Each structure stands twice: as structure tokens, then as C-alpha cells.
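Since this is a predicted model, take the numbers as computed values, not measurements.
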Protein chains: 2
Amino acid sequence: MARPTVNDIAKAAGVSLATVDRVLNARPGVREKTVARVNSAIEQLGYVRDVTAANLARQRRYRLVFVLPDMPALFVRTLRDAINEAIANSVTERTDVRILTFPNDNPHALVRSLRELGADDTDGVAIFAPETPHLRDAIVRLKAEGIPVVALVSDLPNTERDHFIGVDNVAAGRTAGFLMGKFLGNTGGSVMVLVSSMQARDNVERRLGFDQVMAESFPEIEVLPSLENHDNEDLTARVVTAVLAERGDINGIYSVGHGSHALVDLLRGYGRRSNITVIGHELTDVTRDALRDNLMDAVISQNVGHIVRSALRVLRAKSDGLDIVQSQERIRIEIVVRENLV
Amino acid sequence: MARPTVNDIAKAAGVSLATVDRVLNARPGVREKTVARVNSAIEQLGYVRDVTAANLARQRRYRLVFVLPDMPALFVRTLRDAINEAIANSVTERTDVRILTFPNDNPHALVRSLRELGADDTDGVAIFAPETPHLRDAIVRLKAEGIPVVALVSDLPNTERDHFIGVDNVAAGRTAGFLMGKFLGNTGGSVMVLVSSMQARDNVERRLGFDQVMAESFPEIEVLPSLENHDNEDLTARVVTAVLAERGDINGIYSVGHGSHALVDLLRGYGRRSNITVIGHELTDVTRDALRDNLMDAVISQNVGHIVRSALRVLRAKSDGLDIVQSQERIRIEIVVRENLV
DNA sequence: TTGTAGGCGTTATCAC
DNA sequence: GTGATAACGCCTACAA
């Protein structure tokens, strides 16, 4: 039998469509008694609103905004590409997507962009940015205007964001550590740790998880202190070369950040004659090639396509005050090796 | 500016709504000249039909069917659970889902079930079953009736199925082999291969991929012939125990099928005192616990939730003659270890 | 061969 | 407070 409609509840409750609608959308101007009557009819018939019909009637468009840093790291470009692909496919989903870019070294510019957004022109915001007090304030304001906000890739735990879409970076680091330990076996040796910057919370969390697992499960392997390379190729080359020369026992490199470009370039120069296990994060053109060419052994990643689609679904749902399907929105920590590329 | 509607094309082409509709849906009774005029208006305005409005108007429901074997293997139950979860969440998607079960040793029963389905009561079928001549015929008939058919998990390459939703099992086997080789390191030794049955095409393909990689990249490791255990616990225990006793050099076990239950039970008895690397397929309650308890080292898997949702999307799209978003429908070969569980 | 009118389930603008 | 009534974008009798 067919789903009950507003007409059915109207009949059942002995009121008109308009009244049912008022109750459904919690609009004022209905006696409490009537509200109760309508609600019980809704209960009894098991009514669930047809969102597509509602959206048609109100000519709804979801105006969503992605906020991204203007970083050189390939991962950000990968994310941007995924967003653009989603845009291309969203014509059919009543969704208008804008991308706002901010200079990644300038949190004020970010906040300034965010200030432009109001409930009159945006229905949801997805933010990929480091947490700062200014950003916290900006989010407070967005929420005060009733605009849903989700954190992307890097969580903003001390803000009022509605949802975080990304992976647990401690677990991602633990996964990297587990693979490093298993790949090295019980041969001892030591692992060099490369990181773009220890400012970013994701990097810190990954390093933490990595160290946990190495200490717990592979104590015979020594993990060296982090080397910050700021995504600089020359610096990377110099530092890595120096450390490799200095210590003869290095058999693993862990690249914590999402910019393994410099490292991969260097390794490509070596031609992998060194028998070093290399593990990094985020699947990009660079790391994909590196896996294929045996320059890297594993990449811990998160599916950007999934992240973007999840952000869109979650923001639309929040904007409608609807529930989300948890299992569908969980972003998995993916392990990518040579053989399961794509 | 707003998306053009049928009204806009009607105006632009100087015809009525009904004519536009006839052209859009390729219905007969329109002069070629008129068709051309309407089509060029559609082109010019960049019209793209609002599927939700169309579905509302025609009170469209997608009546989809999943066909599954009645197997004891936990993987099938996992898949079934995922379908039921999807059903629970599909109220809002104009989709009615039925599950048809057939005794897995009886392909005739499968074909008989399929015969019941007609264009009058089903809009799409997703089939998880081994390919047989009878099944091929049944699919020919479904397609002849205009019913979209997708293969689930295990491809049906020699049939007219519209789409395959699942992973490349050769690549899955290669991935297992890669991890086995990396985990064992260059210690030599030999790997025992357990398989429920070599009848199933997926098992054969995985074994093939596994052997490829082992031969190419880890020639120092010996891979033993497949032991068929037919998911039987007693048999597994006897065989595995015997082989382990007979050959002292076994340091790896590869469980090819999707029923690692018997093996895990046995290993649990051993308490993992044996230093054997164990790799299997499909994440289920059993393999999840085994990873957590260090009884297994890695599980190669495919996300059943994703598979089911993909099947629904693809069948709906095919049913409407729409394109699918390839990148969204590609099922990934997932590697699951202790640290990236869930 | 083409057009008119009404309806799909919901919302919104009026009156009463 | 409440109820007709007309949209939204599309489809489908039924007329013409």
C-alpha cells in the first residue's frame, strides 16, 4: 500500500492541508489541541514527508560552500578536483557549490571570506582549515545564523561544527606504523620520520599514532625524531641525504604530511637502489606513481571523492534537519599498495 | 539564472507542453520537423530534465530485486545485512527492494525464481550467483523484457548484464600476495593455500593473482597447492594440522575463499603461538575479531555497504536510461589490518 | 499530429 | 486559527 500523504493526514485529523503543513513545518498559528491531533495522525499513519516533492514546491536549491587553503600540496588539488567533479554531477541534485580559497598562511583572510557568508545566500559550509581562535569565532557566527558547518579532512573539535568528515589521524598514523613494523620484520634498524610541519594537527596526530604502535609492537625498531621539511625539495634532499649518510642503519622512511613530492623526487634519483621501506599518506599523482614504480611501499589515504560526496549529503541533510546514515558517512582509512591502486 | 523547464522549451519551440513531453520521452505521434524544432530548443537552452519532478508526476517507484545464494558463509550474511540496512534507509528514495534467495547448490531453483520476474513488477535485478548456461538464458530473457541486470560481487562476463559491481578478483589476489610477500620478508619459507572450493570463479581468480605476484616478486617463497576445505571445520582442522606437522617451514597461510571461519577457529585454538602470517578475504565478524586478536594479519575486502548502494544507484540509473558516475561506482579493493578496522 | 486540463505531494498566499 | 487555491516541473488522459 502506498505511503500516506499530507492529504491522508488532513483527512484523518479532520483539518485542511494548510494546517497539516503548518504543523509539519512547526509554523505558528495553530491551536495546541489541533497540533496534537495532527501529530497523532502523523504517528498513526506512519507518515514520512516526501522531500523531493517538498523541494519541488519550495523551489529549493542547496547553496553550499567549500573553503580550502591555497596550498601547493598536491592533496589539496586532488580535493579540489574531486569537488569540481562533484559540481559537474550535481546539476541534478538541486545543489549549487562554490569554492572559497584562502592563502594558507593567512587565517585572517579565511575569516574575512567567511564573514561574507550569510543565511541569505548559503545553506552550508564545509571547511578545511587549521583551527584558530578567529576561525572558532567565525563558526560561532555561522551557526548563530543557522548555517550548518562541517569540518573537512582536519577536524575542528573545539568549535560548534555539526560534523567532521575525514579520518581519525591517530588511527591513520597507527596504520602506517603497523605496516612499517610488519614490512621491516624483526630486522631491527631505524625509521626516519619526515613531516612538512609540526604545526598542523593532523601531522601531530599521525606521528603520535605511529609512535604508539612502534613502541607497543615493534620495540626493536628505533624511530628517529621528526624532520620538518616544509615541503621544500632542496631542504628535503639535503636533510635526508645527510641523515642516511650519517646513520647506516636506516631501513624505513615515514612521510607524515600530505606532500611527499620532495621525498619521491629524491628517491627517484636514488633509483630505489637503497633497500628502504617508504610509507606515506594521501594518494595523489605523485604517490600513485611512486607506488607503481616501487619507490613507495604503501600509502595511507582517504578517498577524496567520498569525502566530498559525504560533505554534500551531510550538509543537505543538516540543512533540512534530517538524520544522516552514519554507516554511509564514515570515511575509511584506506591502505593503498602497488596492487590495489584504483 | 534558473534552470530551463519544459515550459521554456515549449515557448521557445512554439509548441505545447505535451509535445515537448512526447519528444523528451521519444513517444510517437510527432512530425519529424517538430521533433527537430523541439530538440534544437532543448540544445539551445541546455535543458536537463528534473528527474525528481518527473518521478513525482508519474508516481515512480523503483522495484528492485537482489538475488542471493543461501550460503552458510558469513560474507553472504554480511551482504544481506547491508541490503536490509539499505532497505531501511530507502523509504525516502522511491525504492522497493526484495531479496530472493536460492539454495546455493541448486542453480535450477535460481533460474526458476528469476522466471517469476517480469517487467510488470520489477525494474532491476542484482544477481550474486555463479555463471551457468541456465543463468545466462535467464538473463537474456530479463534483458529482452527490458529489465536492467547487474552482477554483484562475482561477475557474469559472458552474459548481457549491464554492469558488474564488485572488485577485480585477480587484483584482490595480487594484493593478498603482495602483502604476504612483504610480511614474510626475505626469510623464505612456504605458504599454505586454503580455499573453500575451486569451483567458484572468484576463488580461481584470486589464486591466480596471488600466484602471479608470488612468482614475480617473491620467488624465494614456495606456494603450496590449494587445499579445498569446503568450509568444513573438521576437515580444515585435520588438513591444516597435518600439513603443518608434515612441513616445518610453513610461515604463511592464505585463505582464498570468503569463509575463514574454520581456519580462524583452529588458529584460536593454537593461540597464535605459531608465528604464521595469515591473510584472507572479506571482512566479517569472524575476520574482524581475528584481526583484533592478532590471529590474522590482513584481510582483503570489499565494502558491502558500498556495493549495495552502488547496485541501487546503478539499477535506478539504468532503469531511467541515465548515465552513471563511474568514479562513484568503482568498488575498491580494501586492505584491512588491526589498526584500520572500522 | 497537436493541445488542454488535471494531477503527483508539498508549500505558500491569500482570504475567511 | 483555519481553509481554499494556486504554484513547483513534469506526465498523461482525453480532446481537438
* **5' precedence on DNA chain C between Val30(B) and Arg58(B) (nearest-nucleotide basis)** => Val30(B)
* To do: Compare side-chain N and O positions of Gln59(A) against OP1 and OP2 of dT11(C) and report whether any pair is under 4.0 Å apart.
  => no
* Separation of dC14(C) C1' from Asp21(A) CG (nearest whole Å) -> 14 Å
* Mind listing the closest non-hydrogen atom pair of Leu156(B) and Pro130(B) along with its distance? => CD2-C, 4.2 Å
* **N or O in side chain of Thr34(B) less than 4.0 angstrom from dT2(C) OP1/OP2** => yes
* Using a cut-off of less than 4.0 Å, is there contact between a side-chain N or O of Ser16(A) and OP1 or OP2 of dG3(D)? -> yes
* Which whole-number value in Å describes the distance from Ile9(A) CD1 to dG3(D) C1'? -> 16 Å
* Heavy atoms from other residues, nucleotides or ligands near CZ of Arg77(B) exceed 12 (cutoff 6.0 Å) -> no
* Mind calculating the distance between NZ (Lys11(A)) and C1' (dT2(D)) to the nearest angstrom? => 18 Å
* Is the phosphate of dT2(D), meaning OP1 or OP2, less than 4.0 Å from a side-chain N or O of Arg22(A)? -> no
* **Distance, rounded to the nearest Å, where Asp320(A) contributes CG and dT10(C) contributes P** => 14 Å
* Asked: Are Asn25(B) and dC11(D) close enough that a side-chain N or O sits under 4.0 Å from OP1 or OP2?
  -> yes
* Asked: Which whole-number value in Å describes the distance from Leu56(B) CG to dC8(C) C1'?
  -> 4 Å
* Is the phosphate of dT2(C), meaning OP1 or OP2, less than 4.0 Å from a side-chain N or O of Thr19(B)? -> no
* Asked: To the nearest angstrom, how far is Asn7(A) atom CG from dC8(C) atom P?
  -> 8 Å
* Does Arg49(A) place a side-chain N or O at less than 4.0 Å from the phosphate oxygens OP1/OP2 of dT11(C)? -> yes
* **Polar pair under 3.5 Å, donor/acceptor by atom type, side chain Arg27(A), base dG1(D)** => no
* If you take all heavy atoms of Phe102(B) and Val67(B), which pair is closest and at what distance? -> CD2-CG1, 3.8 Å
* Are Arg60(B) and Tyr62(B) in a cation-pi setup, meaning NZ or CZ lies under 6.0 angstrom from the ring centre and within 45 degrees of the ring axis? -> yes
* Over how many whole Å does the gap from Ile42(A) atom CD1 to dG9(C) atom C1' extend? -> 14 Å
* Asked: Does a salt bridge link Asp50(A) with Arg94(B), judged by any charged N lying under 4.0 Å from a carboxylate O?
  -> yes
* To do: Would you mind reading off the distance between Asp8(A) atom CG and dC8(C) atom C1', rounded to a whole angstrom?
  => 13 Å
* Have a look at Val15(A) and say if it touches a base, only the backbone sugar-phosphate, or nothing, with a 4.0 Å heavy-atom cut-off. => sugar-phosphate
* Asked: Touch check for Ala18(B), heavy atoms < 4.0 angstrom, all strands: base, sugar-phosphate only, or nothing?
  -> base
